[in-house]
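Fair warning: this is a prediction, and the values are worked out from it, not measured in the lab.
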Amino acid sequence: MDEFLARLRNFDIRIRKAVNSQMRGSFRSIFKGSGLEFSDLRTYQYGDDVRAIDWNVSSKGHGTFVKVFREEKDQTVFFVVDVSASQLVGPHYRDKLEATKEVCGVLALSAIREANHVGLYCFSDQKERYIKPANGLKTGYQLIMGLYKLKPESGRTNIADALLFTLNVLKRRSVVILLSDFIDQSYEHNLRALAQKHDLVVIHLYDQREVKIPKLGIIPVHDTETGRTVWMNTSSASFRAKLHDTFRQNQSRLERLCKQFNANYLALDSQEDFVPKLVELFRVRKYQ
């Protein structure tokens, strides 16, 4: 646990230094979101967004009025983390799940520092761990320790159910950070609903073995989620091309969905230094 916390602090320091030097300002903007609450009404003026018109009030015949909103002071940052067995792909010293925990942990540290409410939902095809959003260092370290010590009970994945749980549990607009390898199907509808209701950040973790498998000849491959073992010719050119194309198609599809739903998308190789890409994410969100 001490080593895990030390790594998170090191990543956190590197991110703060990079962001503050490049942007000359606080990097809290990644968590700022667009949470708004109704404040007042005023008369419509040329150039106002027509979507802000309050049609119920305007229909009374006393003029056209638009809603005025103010930014919510207390922002909730909610982490939705895939801990299914497919996340165990990678070398023993750093698989996708380990990288996922580190990324989630360092973002949680950043959110806590900005006095945000933070919460966590870890999922497989069931609820593995839930920490209700709250503020304070106690909640933050409870979240980080929960991540570190978590041993999932199920190996399967159900992203759609995890997104539905998030939709039901978060009553007001929040920053939702979804971390997964997205090896699942039929979650698009709930992803759209989540992006419409909340400020969604999608972080896609993958391993190079899912893109370019080593040439090992005919070998048994065990599916940790279904428990099935199949024999595959990893030296076959057609097999290798199909594996690569399937991954790229899924990645492109997810990225396209995020763009369509106005959600941030970030792909991370579990073996790479993720700090530069997180810094770029902060930069992009600062100017949205």
Side-chain angles (χ1 to χ4, degrees), residues 28-41 49-56 66-83 100 103-104 107-108 110-112 114-135 139 143 157-182 184-204 253-266 281-282 284-288:
R28 67 185 178 192
S29 57
I30 189 173
F31 306 117
K32 186 176 181 182
S34 54
L36 301 174
E37 58 183 6
F38 175 74
S39 175
D40 201 355
L41 288 170
D49 190 340
V50 294
R51 292 174 296 181
I53 295 176
D54 188 324
W55 294 107
N56 288 330
V66 294
K67 296 177 181 179
V68 178
F69 297 89
R70 65 186 177 193
E71 188 177 3
E72 291 178 340
K73 294 180 179 179
D74 296 325
Q75 179 68 60
T76 296
V77 181
F78 193 72
F79 296 91
V80 184
V81 184
D82 181 354
V83 295
T100 298
V103 174
C104 181
L107 291 178
S110 301
I112 295 160
E114 297 302 329
N116 288 291
H117 286 69
V118 295
L120 172 72
Y121 180 64
C122 296
F123 70 93
S124 52
D125 63 343
Q126 64 184 39
K127 179 171 70 175
E128 297 288 353
R129 178 151 299 172
Y130 170 58
I131 297 176
K132 185 178 179 180
N135 60 0
T139 303
L143 186 154
T157 312
N158 193 322
I159 296 177
D161 279 359
L163 301 182
L164 184 60
F165 176 90
T166 306
L167 282 164
N168 290 333
V169 79
L170 295 179
K171 302 304 181 185
R172 67 173 190 175
R173 188 171 177 84
S174 307
V175 176
V176 177
I177 300 180
L178 172 61
L179 301 100
S180 175
D181 57 12
F182 293 94
D184 197 12
Q185 297 177 342
S186 303
Y187 58 81
E188 295 82 358
H189 177 76
N190 289 355
L191 187 71
R192 177 196 292 270
L194 191 67
Q196 288 176 339
K197 186 177 180 182
H198 299 284
D199 185 5
L200 179 61
V201 179
V202 170
I203 300 181
H204 179 194
R253 175 171 158 274
L254 178 59
E255 188 172 7
R256 187 170 60 251
L257 284 173
C258 289
K259 187 175 182 180
Q260 179 184 343
F261 301 159
N262 199 29
N264 291 106
Y265 173 82
L266 178 64
L281 177 62
F282 280 72
V284 169
R285 285 179 57 82
K286 183 180 179 70
Y287 296 106
Q288 284 185 334

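The aromatic rings of Tyr187 and Phe182 sit tilted, their planes meeting at an angle between 30° and 60°.
Heavy atoms only, all atoms of each residue included: Asp184 and Asn158 are closest at OD2-CA, 3.5 Å. Closest approach of Gly119 to Leu143, counting heavy atoms only: O-CD1, 3.7 Å. In this structure, Ile159 and Thr157 approach most closely via the heavy-atom pair CG1-CG2, 3.8 Å. The nearest pair of heavy atoms linking Ser180 to Asp82 is OG-OD2, 2.8 Å. Taking each heavy atom of Leu167 and Lys197 in turn, the nearest pair found is O-NZ, 3.3 Å. Taking every heavy atom of both residues into account, His198 and Arg172 meet most closely at CE1-O, 3.1 Å.
With sequence neighbours left out, the ring-ring contact (aromatic ring centres under 6.0 Å, His included) criterion links Phe261 to no other residue. Qualifying side-chain hydrogen bond (donor to acceptor under 3.5 Å, both in side chains) partners for Ser124, counting only residues two or more places apart in sequence or in other chains: Glu128. Remark: Ser174 engages no residue in a side-chain hydrogen bond (donor to acceptor under 3.5 Å, both in side chains) (not counting sequence neighbours). Applying the ring-ring contact (aromatic ring centres under 6.0 Å, His included) criterion to Phe123, with sequence neighbours excluded, gives no partner residue. Asp125 is linked by a salt bridge (Lys or Arg N to Asp or Glu O under 4.0 Å) to nothing, counting only residues two or more places apart in sequence or in another chain. With sequence neighbours excluded, no residue forms a side-chain hydrogen bond (donor to acceptor under 3.5 Å, both in side chains) with Asn190. Legend: residues meeting side chain to side chain contact (heavy atoms under 4.5 Å, CB included) with Ile53, ordered by chain and number and at least two apart, are Tyr44, Val50, Trp55, Ser58, Thr64, Val66. In terms of the side-chain hydrogen bond (donor to acceptor under 3.5 Å, both in side chains) criterion, Tyr121 has no residue partners (sequence neighbours excluded).
Annotation: the span from Leu163 atom CG to Asn168 atom CG amounts to 11.0 Å, rounded to 0.5 Å. Remark: Asp161 CG to Lys127 NZ distance equals 12.5 Å, nearest 0.5 Å. Atom CG of Leu178 and atom CZ of Phe78 lie 11.0 Å apart (nearest 0.5 Å). The line from OG1 of Thr100 to CD1 of Ile203 is 9.0 Å long, rounded to the nearest 0.5 Å. Rounded to the nearest 0.5 Å, atoms CG (Leu281) and OH (Tyr265) are 12.5 Å apart. The NZ atom of Lys132 sits 11.0 Å away from atom OG1 of Thr76, with the distance rounded to the nearest 0.5 Å.
When Val77, Leu170, Val202, Val201 are each tested for a side-chain contact (heavy atoms from CB on, under 4.5 Å) with Val176, only one passes: Leu170.
The backbone N or O of Leu266 lies less than 3.5 Å from no partner atom in the side chain of His204, so there is not a single donor-acceptor pair.
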